Protein chains: 2
Amino acid sequence: MDTRSQILQIAERLIKTKGYTAFSYHDIAQELGVKNAAIHYHFTNKELLGIAVVERAIQQWDAYRTRLSKEPVLIQLLEFINLYKANQQERQVCLIGAIATQVTGLPPTMGMRLQVLAESIHTYLSHVLEEGKQKEIFSFETSPSQKAFLIISNLAAGLQLARVMGPQVFQEIKSGILKELSVYNYE
Amino acid sequence: MDTRSQILQIAERLIKTKGYTAFSYHDIAQELGVKNAAIHYHFTNKELLGIAVVERAIQQWDAYRTRLSKEPVLIQLLEFINLYKANQQERQVCLIGAIATQVTGLPPTMGMRLQVLAESIHTYLSHVLEEGKQKEIFSFETSPSQKAFLIISNLAAGLQLARVMGPQVFQEIKSGILKELSVYNYE
DNA sequence: AAACTTACTTACTAATTAGTAAGTTTCCAA
DNA sequence: TTGGAAACTTACTAATTAGTAAGTAAGTTT
């Protein structure tokens with residue numbers, strides 16, 4: 001993998017563990033075994049790096065949801081939850097939560113691109129829920145859009161609560177989501 | 001109000017808007033119209049200030065839940081939601097979400113005290129839900145503890161999503177929570 | 001009135017930060 | 001084989017950061 005991609009990968013991990021303001025070019029440089037200025041060569045300033053991290057997340061999400069969309073809705077839901085579970089296992093939060101809590105003091109463009117990501121995720125999950133409801137695989141009383149907001153917020157804050165209260169909280173939230181959708185016998 | 005309390009109040013607001021790492025002693029000093037060192041007089045270092053902010057939040061929460069516990073369960077739930085709504089109106093996130101997303105790089109004591117706060121909130125809401133279920137005011141299929149985790153995560157991440165996607169998202173989440181509890185005709 | 005405390009200010013240090021400018025190495029293409 | 005671009009390093013700057021030490025003014029206690 002090329003250095004540019006490695007920088008983006010490390011930056012994303014740092015944002016999801018310490019937050020955007022808390023990580024420095026030095027952190028990335030040290031981990032890559034290069035000098036500070038090498039990071040500046042690839043990303044002139046921190047704002048550009050931050051935006052590129054969100055942009056990369058959008059691309060990866062687009063690829064992921066395109067691939068997933070060919071699967072049955074139940075698999076799509078479980079795999080969606082697993083995306084968050086993977087973060088939990090590394091004690092990370094999701095990118096949206098990590099940036100949203102600091103967004104007031106961040107470059108506006110980061111907020112705008114994050115909105116695009118959040119809306120894409122919400123739209124995708126809404127469709128999955130709608131199809132699942134129609135096919136009687138999921139059961140819920142709210143609209144698919146509203147239910148999508150509820151589930152996304154469960155997962156996002158589930159990661160945050162798990163950091164503070166322990167990993168079992170995420171498991172409780174995950175099984176709660178599925179129970180409320182009347183989904184049983186998974187994995 | 002004395003200076004110490006004012007510092008804590010400003011610090012909490014800054015944590016809930018920009019995050020712990022992003023605010024400086026200078027930010028507080030400027031807003032109070034005093035010099036940098038005046039803040040250090042009251043809180044020798046940033047770690048002590050951070051812990052004091054969480055400690056104050058625990059005290060305020062204890063007072064609030066004690067007062068609320070005399071009300072009917074439906075009022076208790078609606079007032080609990082209103083605590084988050086108040087944050088939303090100022091474009092802030094909740095203290096737990098704000099700190100949890102950065103907790104990996106923060107003084108361990110802050111994480112420990114935040115855990116106490118989070119557990120107290122969860123215990124309180126669990127009791128409210130349990131009583132409400134028993135009295136058939138709320139309806140839900142999971143355990144009260146599990147439902148409490150779901151609702152807390154809805155509200156915490158609801159604030160974060162509202163920052164990125166707009167305030168209507170918080171409203172959607174709020175009405176979704178109530179609908180799933182079969183609570184109608186509120187306010 | 002003297003001693004002491006509270007709540008600061010002034011003036012500083014050391015470390016870290018993002019960011020830049022100029023030079024260097026390595027590889028590839030004409 | 002020479003020219004140039006890509007990917008750096010070296011060496012620096014300016015700003016911001018947390019934190020400290022010494023001094024001061026106002027009030028409070030003895």
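This is a predicted model, so every value here is computed, not measured. Chain A is the first sequence line, chain B the second, and so forth, proteins listed ahead of strands; every chain is numbered from 1. As a basis for the values below, the full set of heavy atoms in this structure was taken, side chains included, without hydrogen atoms, waters or symmetry mates.
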By side chain to side chain donor-acceptor pair (under 3.5 Å) - contacts of Glu47(A) (at least two apart):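 Applying side chain to side chain donor-acceptor pair (under 3.5 Å) to Glu47(A) gives none.
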
Partners meeting side chain to side chain donor-acceptor pair (under 3.5 Å) with Gln88(B) (sequence neighbours left out):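 With sequence neighbours excluded, Gln88(B) shows a side chain to side chain donor-acceptor pair (under 3.5 Å) to no residue whatsoever.
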
Stepwise side chain to side chain contact (heavy atoms under 4.5 Å, CB included) check, Thr17(B) with Phe23(B): CA-CA 9 Å; Thr17(B) 45; Phe23(B) 88 87; over 6 Å; no

Could you write out each protein N or O paired with an N or O of nucleotides 9-15 of chain C at a distance under 3.5 Å?
from	atom 1	to	atom 2	distance (Å)
dT9(C)	OP2	Lys35(B)	N	2.9

Between [atom2] of [N] and [atom1] of [X], the distance in whole Å:
X	N	atom1	atom2	answer
Arg4(A)	dC8(D)	CZ	C1'	16 Å
Ile7(A)	dA7(D)	CD1	P	10 Å
His40(B)	dA7(C)	NE2	C1'	15 Å

Pairing residues for Glu130(A) by the side chain to side chain contact (heavy atoms under 4.5 Å, CB included) criterion, not counting sequence neighbours: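 Glu130(A) satisfies side chain to side chain contact (heavy atoms under 4.5 Å, CB included) with His127(A), Pro144(A) once adjacent residues are dropped.
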
Listed partners of Glu172(B) passing side chain to side chain contact (heavy atoms under 4.5 Å, CB included), at least two apart: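 Result, side chain to side chain contact (heavy atoms under 4.5 Å, CB included) vs Glu172(B): Gln146(A), Phe149(A).
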
Residue-phosphate contact under 4.0 Å: Thr3(B) side-chain N/O, dA7(C) OP1/OP2: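 No, because none of the side-chain N or O atoms of Thr3(B) sits under 4.0 Å from OP1 or OP2 of dA7(C).
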
Test salt bridge (charged side-chain N to carboxylate O under 4.0 Å, His left out) applied to Glu55(B) and Arg113(B), step by step: CA-CA 7 Å; Glu55(B) 222 64 66; Arg113(B) 299 310 291 161; 2.6 Å; yes

Phe140(B) six-ring centre to Lys133(B) NZ/CZ under 6.0 Å and within 45° of normal: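 The answer is yes, since Lys133(B) meets both limits relative to Phe140(B).
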
Qualifying ring-ring contact (aromatic ring centres under 6.0 Å, His included) pairs, either residue in residues 157-178 of chain B, two or more places apart: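 Applying ring-ring contact (aromatic ring centres under 6.0 Å, His included) to every pair that reaches into residues 157-178 of chain B, excluding sequence neighbours, yields nothing.
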
Beyond-backbone contact of Ile121(B) with Ile96(B), side-chain heavy atoms, under 4.5 angstrom: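 Yes. Closest side-chain heavy atoms under 4.5 Å.
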
DNA chain D contacts among residues 42-55 of chain A, heavy-atom distance under 4.0 Å: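 Within this stretch, His42(A) sit under 4.0 Å of the strand.
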
Those residues of residues 23-30 of chain A lying under 4.0 Å from DNA chain D by at least one heavy atom: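 The stretch gives none, as no residue of it lies under 4.0 Å from the strand.
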
Contact residues, residues 107-114 of chain A to DNA chain C [heavy atom, < 4.0 Å]: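 Contacting residues: none.
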
Other residues, nucleotides, ligands: >12 heavy atoms within 6.0 Å of Gln89(A) CD: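 Check passes, neighbour count above 12.
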
For DNA chain D, stems built from three or more consecutive Watson-Crick or G-U wobble pairs below 3.5 Å: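 Runs of three or more consecutive pairs: C:1-30 with D:1-30.
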
Lys46(B) side chain vs Tyr20(B) backbone, donor-acceptor pair below 3.5 Å: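 Side chain of Lys46(B) to backbone of Tyr20(B), a donor-acceptor pair under 3.5 Å: yes, one is there.
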
Contacts table for residues 33-42 of chain B: side-chain donor-acceptor under 3.5 angstrom, sequence neighbours left out:
from	atom 1	to	atom 2	distance (Å)
His40(B)	ND1	Thr44(B)	O	2.9

All pairs passing side chain to side chain donor-acceptor pair (under 3.5 Å) where residues 147-168 of chain A contributes a residue, at least two apart: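 Applying side chain to side chain donor-acceptor pair (under 3.5 Å) to every pair that reaches into residues 147-168 of chain A, excluding sequence neighbours, yields Lys147(A)-Glu180(B), Ser153(A)-Asn154(B), Asn154(A)-Ser153(B), Gln160(A)-Gln160(B), Arg163(A)-Thr104(B).
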
Check against salt bridge (charged side-chain N to carboxylate O under 4.0 Å, His left out), Glu79(B) and Arg67(B): CA-CA 11 Å; Glu79(B) 285 302 314; Arg67(B) 186 151 46 81; over 6 Å; no

Reference residue Gln92(A); test side chain to side chain contact (heavy atoms under 4.5 Å, CB included); the match among Ile15(A), Leu159(A), Asn87(A):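 Exactly one option meets the side chain to side chain contact (heavy atoms under 4.5 Å, CB included) with Gln92(A), and it is Asn87(A).
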
